[in-house]
Amino acid sequence: MTSTYDHGAIEAKWQSRWQETGLYEIALERVPRPYYNLMMFPYPSAEGLHVGNMFAFSGADAHGRFERMQGFDVFEPIGFDAFGIHSENFALKVGRHPTELIASNVRRFREQLKRLGAQFDWTKTVDTTDPAYYRWTQWLFLTLWKGGFAYRGRRNVKWCPQDLTVLADEQVLADGSCERCGALVTERELEQWFLRISAFSERLLTDLDSLNWSESTKLLQRHWIGRSQGALIDFPIDGEDPLRVFSTRPDTIFGATFMVLAPDHPRTVELAAPELRSEVAAFAAEAARRRIAGQRDDENSTQGMALGRDARHPLTGNRVPLFTAEYVLSGYGTGAIMAVPAHDQRDHAFALRHHLPVVEVVSGRAESGAHGGSGSLINSGHFDGLKAPDPARELVTAALVESGWGQPHVTYKLRDWGISRQRYWGPPIPAIHCPKCGVVPVPEEDLPVLLPYIEDFRPLGTGESPLARDPQFLNTTCPNCGGPAQRETDVSDTFLDSSWYFLRYPSVGRDDVAFDRELTRKWLPVTYYDGGNEHAVLHLLYSRFVTMALHQLGHLDFAEPFTEFRAHGTIVKGGAKMSKSRGNVVVPDEYIAHFGADAFRLYLLYLGPYSETLNFVDSGINGPFRFLTQLLRLLDRVEPSAPETAALARARHRCIHRVTVDTPERKYNTAIAAMMSFVKRLREHDGPLPQVAMETLALLLAPYCPHLAEEIWERLGREYSVHQQPWPATDRSLIVDEQVVVVVCINGKKRDQLVVAAGTDPATLEKEALSLPRIQKWLAGKAPERIFVVPDRQVNVVLAG
RNA sequence: GCCGGGGUGGCGUAAUGGUAGCCGCAGCGGUCUUAAAAACCGCAGUCCUAACGGACGUGUGGGUUCGACUCCCACCCCCGGCACCA
């Protein structure tokens with residue numbers, strides 16, 4: 001009896017069959033046509049896999065399965081990104097130790113992922129908290145360090161003076177207070193590890209042009225890297241070193257009427273007139289408080305004070321007074337600017353408030369406030385009349401270079417990657433602090449540096465990681481001199497774990513190398529990467545950096561890790577992001593239990609275009625579920641000897657065509673709609689159904705509903721497995737209709753229609769259209785002015801008047 | 001503020017210069033049933049009309065075109081990212 005859809009039994013049956021036969025285990029060394037189908041591995045939260053994960057994995061898996069049926073040997077691994085502050089904070093909250101908590105989350109995730117029925121190769125899975133993995137994360141760090149890409153530096157961290165702990169940015173509330181105790185958060189400077197991503201700023205930017213990635217993702221990266229071209233300009237100060245500024249518009253230098261230093265610029269207090277120094281220092285402190293709190297409004301963007309001292313304009317020798325103001329940031333350019341109030345809005349607002357002169361140097365309309373500055377230079381000495389910004393920018397820069405006060409310069413917003421975390425739940429950074437030898441790397445043969453089990457893993461009050469609590473861990477000997485030494489107690493950022501996991505997958509199981517040279521050459525770079533744009537600038541950029549560095553150090557043959565990247569959309573409900581506080585979280589398990597994984601996958605992909613934000617509707621899954629039920633029931637009507645009518649053949653090939661075109665373009669929704677239409681057509685068909693119709697449906701459905709496709713394939717008497725079959729071919733001669741409806745319009749409005757053979761010539765169409773009684777009536781004896789004929793589509797009769 | 005992505009029936013969406021609303025959801029009517037569920041058949045943008053038919057209709061206003069959801073200009077709203085980056 002085939003008429004009931006027992007999805008539970010069907011899905012369990014095929015999942016165990018796949019496992020028994022190792023259908024998705026790829027012989028990585030041997031297979032001839034490697035295709036590395038990667039999706040972003042999940043962070044195993046306590047809530048379990050959410051709908052967003054299910055959606056992404058369904059889409060990415062449909063892609064992988066489709067490519068497999070195109071003849072590729074598709075390697076599709078999955079893993080767990082299980083270290084990190086999120087996990088640790090959650091463990092703190094529920095009062096359990098992350099070691100056991102995360103392990104149980106991972107177990108749950110495995111089960112859920114298996115129920116989804118994706119073609120994951122479970123023999124090649126990765127868990128970032130496994131010493132067999134993080135040993136190589138530590139190796140990566142050492143390799144980068146030895147290669148000159150890691151260094152120690154000082155950076156401010158957010159610090160709660162009451163809890164005596166380092167805070168993550170998201171633990172600071174909008175008013176600058178600690179989310180736990182409400183105390184005002186301050187900053188504290190700590191010595192930390194940095195990775196020199198800025199070494200590749202230019203390459204990370206220019207490579208984007210040739211990468212086959214979603215444009216939306218590339219745009220986010222370009223923005224984040226933030227390249228600006230301009231000049232460094234020195235303004236001399238009597239009796240002091242000159243003050244250096246960066247400007248993207250050196251051509252407006254004649255309009256520089258004052259200068260501004262960031263409150264925390266190292267020279268702000270030093271350059272202030274002696275009687276103002278304490279006041280300037282107080283201002284800087286207050287500015288720092290507001291900056292930590294993330295407070296910014298129009299009021300404090302014009303807040304600032306004079307330093308009581310002047311610089312000199314390098315080209316005119318005029319006096320230019322110095323100020324400090326909050327709107328100038330220490331972290332960008334040189335932390336000081338030449339202010340051109342006529343052509344910069346912020347400078348203009350500041351000048352108004354502090355009654356400073358505004359000198360226009362670019363002609364053009366300036367109705368109110370500053371204008372952007374394109375036009376011709378004025379008030380600029382012998383540069384007057386030059387077109388600005390270009391070519392004036394270049395000529396003024398040249399003059400500055402000649403005078404010795406300037407040089408061309410490119411700056412980037414991208415800053416080096418700070419990887420130190422003063423926390424517990426991460427891989428220990430493999431460094432040793434020796435009083436004699438300084439900071440020395442842990443020898444590679446001593447890896448992994450195991451994360452010790454520490455009962456009390458709460459952050460310490462010293463700004464150090466809780467690992468400092470464990471004397472057994474802390475105290476060691478220097479690998480260099482053999483004397484007593486202490487281990488680095490910070491752990492590394494989770495993003496370091498995920499910056500290289502794709503390199504590991506093919507080499508899982510190898511305990512002698514992070515990644516095998518031959519396997520890596522064969523399988524990487526990743527053929528296709530599917531992921532969310534929330535990782536566009538962190539994970540995806542860090543992975544590119546790590547790959548570039550390893551390439552430069554001779555460990556990889558390629559510099560870019562992901563040949564093709566496609567961003568998927570997000571699932572929302574009621575137009576809003578799902579969140580516990582909104583109470584609109586969908587628990588996928590219930591849907592899968594009730595409708596089956598196939599129906600759930602189909603529903604998620606049918607919701608709309610894969611790359612867009614999509615709205616989850618509770619009852620929506622009924623449609624795809626009914627479709628699968630009907631499809632299964634059609635099997636009862638198959639007679640192997642039944643011939644395929646011409647009309648059915650056309651419908652079938654149209655369906656093949658749509659699914660074949662739409663699937664690789666990730667238009668899963670329209671591909672599914674095409675299959676639904678074909679099933680509808682079969683249901684309306686009188687008499688027995690030809691076997692080929694159902695076989696085709698099984699093949700087309702295989703990427704979307706892998707279990708039911710197998711079931712149908714088997715019930716049709718075909719050999720296991722449907723997923724090893726070649727994709728069906730489209731007969732292009734059959735994808736157009738024999739007869740077409742041609743709409744007849746008067747002045748663009750539909751008035752009647754013709755049914756004619758496809759390909760009828762325009763002259764005939766025109767003649768037949770005009771002879772229609774209804775059209776005759778509209779013409780009312782008048783002659784048409786013009787007639788437009790679109791073959792197989794439309795005849796538009798234009799009447800005067 | 002800047003940069004993206006959107007705005008189409010009650011809802012999710014389809015159509016990127018040629019019949020707007022494919023495919024679904026929810027709804028309504030019917031068949032079957034003691035009944036309900038399931039299943040199956042049918043209706044369904046809005047307004048006018050007894051009907052034939054007609055008018056209007058893709059965020060708003062303009063434009064290009066024989067013809068515009070689609071292209072151009074201006075604006076409004078929603079979502080996401082960045083946010084004093086000189």
Side-chain angles (χ1 to χ4, degrees), chain A residues 3-4 215-217 219-220 222-224 226-228 230 245-250 252 256 260 262 291 294 296-298 300-302 325-329 331-340 343-347 349-350 411-414 533-534 536-537 569-570 572 574-577 602-603 606-609 611-627 629-630 633 658 667 669-680 683 741-753 774 784-799:
Chain A
S3 56
T4 54
E215 281 305 319
S216 59
T217 313
L219 209 65
L220 287 166
R222 286 195 185 101
H223 220 91
W224 189 261
R227 183 185 201 273
S228 295
V245 300
F246 173 72
S247 174
T248 54
R249 293 296 303 275
T252 62
V260 188
R291 179 171 47 77
R296 188 179 95 67
D297 50 41
D298 293 345
N300 65 30
S301 78
T302 56
E326 288 185 44
Y327 80 93
V328 174
L329 308 174
Y332 184 76
T334 65
I337 61 155
M338 62 174 204
V340 184
H343 305 293
D344 182 283
Q345 266 183 36
R346 296 152 305 176
D347 295 346
F350 191 84
T411 179
Y412 303 87
K413 291 183 200 170
L414 185 64
N533 259 346
E534 69 271 19
V537 290
T570 47
V572 299
K577 236 180 184 163
L602 198 66
Y603 167 62
Y606 182 58
L607 217 43
S611 58
E612 307 278 308
T613 303
L614 301 171
N615 250 300
F616 192 94
V617 181
D618 291 296
S619 57
I621 192 171
N622 290 331
F625 180 75
R626 268 178 214 140
F627 163 71
T629 309
Q630 290 164 351
R633 215 181 292 127
R658 268 267 66 81
K667 294 182 190 166
N669 54 329
T670 49
I672 293 164
M675 289 189 271
M676 287 177 167
S677 293
F678 183 45
V679 165
K680 200 178 189 178
R683 281 172 1 107
V741 175
V742 173
V743 172
V744 183
C745 300
I746 306 280
N747 290 337
K749 284 197 158 81
K750 182 188 170 182
R751 296 301 180 192
D752 205 346
Q753 61 182 41
R774 225 178 260 164
E785 193 169 280
R786 272 185 86 178
I787 298 175
F788 292 84
V789 179
V790 186
D792 291 351
R793 293 257 182 205
Q794 193 184 62
V795 177
N796 190 14
V797 181
V798 182
L799 289 181

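Just the heavy atoms: all of them, side chains too, but no hydrogens, waters or symmetry mates, feed the values below. Order of the sequence lines fixes the chain letters, A, B, ..., with proteins taken first and strands second; residue numbering starts at 1 for each chain.
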When you measure from the side-chain N and O atoms of [X] to the phosphate of [N], is any distance below 4.0 Å, counting only OP1 and OP2?
X	N	result
Ser228(A)	A86(B)	yes
Lys413(A)	C82(B)	no
Lys667(A)	A14(B)	no
Asn615(A)	U13(B)	no
Arg774(A)	G53(B)	yes

Checking base pairs now: Watson-Crick or wobble, both atom distances under 3.5 Å. What partners [N]?
N	value
G9(B)	none
G61(B)	C73(B)
G80(B)	C3(B)
C22(B)	none
A86(B)	none
G27(B)	C43(B)

Tell me what [X] touches on the nucleic acid: a base, only sugar-phosphate, or nothing, going by heavy atoms under 4.0 Å.
X	result
Arg751(A)	sugar-phosphate
Leu329(A)	base
Ile337(A)	base
Val328(A)	base
Val741(A)	base
Asn622(A)	sugar-phosphate
Arg658(A)	nothing
Gln630(A)	sugar-phosphate
Val798(A)	sugar-phosphate
Asp618(A)	nothing
Tyr606(A)	base
Arg683(A)	sugar-phosphate

Minimum-distance nucleotide to [X] side chain [options: [options]]:
X	options	result
Lys749(A)	C56(B), A26(B), G24(B)	C56(B)
Arg633(A)	A39(B), C82(B), G24(B)	A39(B)
Thr248(A)	C84(B), G18(B), A86(B)	A86(B)

_Closest-nucleotide 5' rank along RNA chain B - winner of Asn669(A) and Asp347(A)_ = Asn669(A)

_For Thr613(A) and Leu219(A), find the nucleotide of RNA chain B closest to each by heavy atoms; which residue's nucleotide sits nearer the 5' end?_
Leu219(A)

*asked:* Can you tell me how the ring of Phe616(A) sits relative to the ring of Tyr603(A), calling it parallel under 30°, perpendicular over 60° and tilted otherwise?
replied: perpendicular

*Rounded off to whole Å, could you give me the CG-to-C1' distance for the Leu220(A) and G5(B) pair?*
11 Å

_If you compare all heavy atoms of Thr302(A) against all heavy atoms of Ala349(A), which two are closest, and at what distance to 0.1 Å?_
CG2-CB, 3.7 Å

